[in-house]
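These notes concern the structure reproduced below.
Side-chain atoms are counted along with the backbone in the values below, which use heavy atoms only and exclude waters and symmetry mates.
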Amino acid sequence: MIWIETRTQEEASHRRERMWGTNWTATPDGGLVGRTNGEGLFEGDRFWADAIKDTRDEPEQRLAMAIRNLPLPAAFREAAIALRAIIRAKRKATDLFEHRLAELHRLAAIQSLAWYDDLDIAPFSEVAALDLSPGVIGWDLLPLLNMTDRKLMAETWPTPARHATGEILYPAIKRNGAALLRAQREAQRLDWLSMLDDDDADAVTVLAPAPLAQGRGASPRVKRRGLFARLFGIGR
């Protein structure tokens, strides 16, 4: 399931867990091996950010792949680049482009609602229900847009009542997302601690997951640190 298909909080949380959740297993020498699930981050067998490079001359394909990987920050950027190319081509051919400009605006408005994690854990149905139209939110304060985008929007649409961001108009998305993330991280912390025997904690070696770009499930060894430093990434 991709983000724009999520309709309930259960679906959104499950999707996030399948993507970013870590599976920890004990090793014979008393260590832990952690593997990030990584589901949804690949196009076939390729990491999506590598696969999308092959679509740079095909803006519609580039857009479709970027949308599948929302709300990753790079996916927003790739989608915006693709839409700008589509809009340029349509204007050059004197074809109608306003609906594609509206797509770019909505993309930028959604991106302005919250940081990645807070947005990622929210079901898209909640985002889709918001009024993010140009007349309501404007365009001058949307970070994803550039000066050319804003100029074209000003030429195309009436002056909005105000210019704002999604976070300003709808702060509940960020607030609720942050609360859900705190609860999720606390549950994860307790889950990790439950795997450890306090008497043997100093002997535990935690193996950290490799960056996803290096492939699924790789787990290089990291240097020994204190228990909480090893668990929460302090003092690397």
Task: Within residues 58-84 or reaching into it, pairs that qualify as ring-ring contact (aromatic ring centres under 6.0 Å, His included) - sequence neighbours excluded - done: none
Task: Partner residues of E10 under the salt bridge (Lys or Arg N to Asp or Glu O under 4.0 Å) criterion, sequence neighbours left out - done: none
Task: Set of side-chain contact (heavy atoms from CB on, under 4.5 Å) partners for A51, sequence neighbours left out - done: E43, R46, M65
Task: salt bridge (Lys or Arg N to Asp or Glu O under 4.0 Å) against K92, all qualifying residues, sequence neighbours excluded - done: none
Task: Non-hydrogen atoms of P59 and A82 that approach each other most closely - done: O-CB, 3.4 Å
TODO: Drop me the distance from L119's CG to L70's CG, to the nearest 0.5 angstrom.
DONE: 9.0 Å
Open item on the list: Holding to salt bridge (Lys or Arg N to Asp or Glu O under 4.0 Å), I want the full list of residues that pass it with R7, two or more places apart in sequence or in another chain.
Closed with: none
Task: Listed once per pair and sorted, the salt bridge (charged side-chain N to carboxylate O under 4.0 Å, His left out) pairs that draw on residues 120-130, sequence neighbours left out - done: R15-D120, R16-D120
Open item on the list: Donor-acceptor pair, distance only, cut-off 3.5 Å: does the side chain of S112 make one with the backbone of G166?
Closed with: yes
- [ ] Could you tell me whether the side chains of E17 and S13 share a donor-acceptor contact shorter than 3.5 Å?
- [x] no
TODO: Enumerate the residue pairs fulfilling salt bridge (charged side-chain N to carboxylate O under 4.0 Å, His left out) with a member in residues 131-147, sequence neighbours excluded, ordered by first and then second residue.
DONE: none
- [ ] Among residues two or more places apart or on two chains, list those pairs meeting salt bridge (charged side-chain N to carboxylate O under 4.0 Å, His left out) that have a residue in residues 80-91.
- [x] R84-D149, K90-D95
Open item on the list: Among residues at least two apart in sequence or on other chains, which ones pass salt bridge (Lys or Arg N to Asp or Glu O under 4.0 Å) with R62?
Closed with: E78
Open item on the list: Other members of the hydrophobic cluster containing L180, with the 4.5 Å side-chain heavy-atom rule, please.
Closed with: I121, L181
Task: Side chains of E167 and L113 in contact at under 4.5 Å (non-hydrogen atoms) - done: no
Open item on the list: Taking ring-ring contact (aromatic ring centres under 6.0 Å, His included) as the cut-off, I'd like each qualifying pair that reaches into residues 123-159, sequence neighbours left out, listed once.
Closed with: W3-F124, H105-W157, W139-W157, W139-H163
- [ ] Return the set of residues passing ring pair (Phe, Tyr, Trp, His ring centres under 6.0 Å) with H14 (not counting sequence neighbours), or none when no residue passes.
- [x] none
Task: Heavy-atom closest pair, residues G138 and L142 - done: O-CD1, 3.7 Å
Task: Test item: T55 side-chain N/O and E58 main-chain N/O as donor-acceptor pair under 3.5 Å - done: no
Open item on the list: Does any part of the side chain of V127, heavy atoms only, come nearer than 4.5 Å to the side chain of Y170, both counted from C-beta?
Closed with: no
Task: Distance in Å, L83 CG paired with L101 CG, rounded so as to fall on 0.5 Å steps - done: 9.0 Å
